[in-house]
Amino acid sequence: MIHLYNTLSKKKEPFEPLHPPFVGMYVCGPTVYDDPHLGHAKSYVSFDVIVRFLRASGYKVRYVQNITDVGHLLGDTDEGEDRIIKKARLEKLEPMEIAQKYEVRYFNDMDLLNNMRPDISCRASGYIPEMTGLVQSLLDKGFAYQAGGNVYFDISKFGDYGKLSGRKVVDLLEGVRVDVAEGKRHAADFALWKKADPDHIMQWPSPWGQGYPGWHLECSVMSMKYLGESIDIHGGGLDNQFPHHECEIAQSEAATGKPFVRYWLHNNMVTIDGQKMSKSLGNFKSLPDLFGAYGPMTVRFFILQGHYRSPQDFSDQALEAARKGFLRLSQIVQDIGKPVDASASPVTEPGPVWKAHRERFFAFMEDDFNTAGAISVLFDMARDAQKCMQDAAAEDLVHAGRLFDELGSSILGLKFEPAAGQADTETENALVVLLLELRRKFRQEKDWASSDAIRDRLLEIGIAIEDGKDKTTWRKVTG
RNA sequence: GGCGGCGUAGCCAAGUGGCUAAGGCAGAGGUCUGCAAAACCUUUAUUCAGCGGUUCAAAUCCGCUCGCCGCCUCCA
């Protein structure tokens, strides 16, 4: 039985979907106006593993993620600027070119991290009619009001407002902010539809005039369209808990009269050298930059060594530790695959050792997706697999290989490819083999200076050689 | 100011009432080796920020103190 931490109840709860074995899961996607960054990596790797594990546990998951390609205002006031439009002017491109360009980059980086694509990836701009429909329904039911071409949600009409984030409606009604948009009844009322100036590029017709949708609307509309009025899991970053998710609940439940989401999952934030990473602070690290230094699998492994609900600090020291740990694991997985024929099915059941590892792995994952604990099982498996290699226990190695495949590759989404590659070409291979033959000759003659020179020079080129018992192996090393 | 979280070995990080406080990185010793490297084996916290309390029993619950962080404005 899976237990997960529900932000709504602030407790770990047993996971019981509405219509087992089907699970509807919606995760807030990115606003596509800039390169993906560390925060995206943590968030989407975390939810990717959650989807993978739910599937491994027998659930049929429909995973929906939005792409926010409708610009939203930078500030709360009407003077704020639309991020996508701003970027479009900077790059001298159409707003939709910006959205398209960064959506491609987003998926490219998610692919590198080995995140599965969502089953449905929906762009907000494609659902304007559904959004105006929801706004109209809220107006009809008296939860919303018009003011100067804008439509606002009246939070005083929705008694449950604040139930997710712990805000008190009375406090919010008092008006905390300085600049309250004109026409709002309460400071904390949020926009469902905004009037657009004639020169505003992204705008659509609506019953209330030309405009564009409020930011919170798209997630309500698209999740309900594909997953129904009540969905099992809604995920997103902790920073979106308020106001975004609070507003989603308000507008969705006001419209349908039904509970919007059963389980709210929030991943925690990323810091860089102890500092919050944010776009407004300008200290965010993009994934293309990071991948240049560490490689996507190291980043994925590093993220999974923490817990999705804990904040995670990215530092070179921590990433380097993750890189080495993952490299060791990868090499063991490679090594145990070598001596055995993977297609040969062993006649025996997996021994108690492997069964125990698998059970421990599942126990960790069933406890609110404790990937850090799950990875520790992988290292324990590596140790046992090592023993089997020494004992030449071929059958056990097949079981070990299959378990790494199931737990490490399928569920955690790790690719155990050697960071060090083999020869790129036949020529390269032949050259290295030639050098190794020469070196063997020098060693036989005890010409240590010459043999060590070959070793040192090869290492400078990026080829490490390792003298084994009766033969010398080599591999490429990076960085 | 309001709401919430965190503080576990040199670093990263699980564990949230009861077996010997996971695991990774780094360190130390050893095996192997001509020497290395890699790999493997062994080892590294009488203690969980501090103080006080509850309990037969606390890193885990409660209170206070110190330190750090997040949300309350776009952000995953």
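Contact of A:Asp447 with B:G34 (side chain to base): no donor-acceptor pair of N or O atoms is detected under 3.5 Å. With hydrogens and angles ignored, a donor-acceptor pair under 3.5 angstrom links the side chain of A:Arg455 to the base of B:A36.
Scanning for side chain to side chain contact (heavy atoms under 4.5 Å, CB included) contacts around A:Val49 gives A:Arg300, A:Leu304, A:Met365, A:Thr371, A:Leu412, with sequence neighbours left out. In this structure A:Lys195 satisfies the salt bridge (Lys or Arg N to Asp or Glu O under 4.0 Å) test with no other residue, sequence neighbours excluded. Listed by chain and number, the residues in a salt bridge (Lys or Arg N to Asp or Glu O under 4.0 Å) with A:Arg62 amount to none (sequence neighbours excluded). Take A:Glu91 and apply the salt bridge (Lys or Arg N to Asp or Glu O under 4.0 Å) test, not counting sequence neighbours, and it matches A:Lys87, A:Lys101. Residues passing the side chain to side chain contact (heavy atoms under 4.5 Å, CB included) test with A:Asp447, sequence neighbours excluded: A:Phe442, A:Ala449, A:Ser450. Residues passing the side chain to side chain contact (heavy atoms under 4.5 Å, CB included) test with A:Glu359: none are found, sequence neighbours excluded. The side chain to side chain donor-acceptor pair (under 3.5 Å) check on A:Gln317 picks up nothing, with sequence neighbours excluded.
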> Tell me, for nucleotides 5-18 of chain B in 5' to 3' order, what letter each nucleotide earns: B for a base near a protein heavy atom under 4.0 Å, S for only sugar-phosphate near one, - for neither?
Replying inline: ------SSSSS---

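A:Phe302 has its ring centre less than 6.0 Å from the ring centre of A:Phe314.
Residue A:Arg328 places no side-chain N or O under 4.0 Å from the OP1 or OP2 atom of B:A38.
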Which donor-acceptor pairs under 3.5 Å do the side chains of residues 107-114 of chain A make with protein atoms, sequence neighbours left out?
unit_1: A:Asp111; atom_1: OD1; unit_2: A:Arg117; atom_2: NE; d: 3.0
unit_1: A:Asp111; atom_1: OD2; unit_2: A:Arg117; atom_2: NH2; d: 2.7
unit_1: A:Asn114; atom_1: ND2; unit_2: A:Gly413; atom_2: O; d: 2.9

Between N or O atoms, less than 3.5 Å apart, protein on one side and nucleotides 29-32 of chain B on the other: list the pairs.
none

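A heavy atom lying under 4.0 Å from RNA chain B marks the following residues of residues 376-387 of chain A, by number: A:Ser376, A:Phe379, A:Asp380, A:Arg383, A:Gln386.
Going from the P atom of B:A21 to that of B:U16 covers 15 Å, rounded to whole Å.
Heavy-atom nearest nucleotides on RNA chain B were determined for A:Gly166 and for A:Pro30, and the one closer to the 5' end corresponds to A:Gly166. Comparing A:Gly29 and A:Arg439, the nucleotide of RNA chain B nearest to each residue sits closer to the 5' end for A:Arg439.
Of the listed residues (A:His266, A:His245, A:His244), just one forms a ring-ring contact (aromatic ring centres under 6.0 Å, His included) with A:His234, and that residue is A:His245.
Sorted by first then second residue, the salt bridge (Lys or Arg N to Asp or Glu O under 4.0 Å) pairs that include residues 361-381 of chain A, not counting sequence neighbours, are A:Lys12-A:Asp367, A:Arg309-A:Asp368, A:Arg360-A:Asp380.
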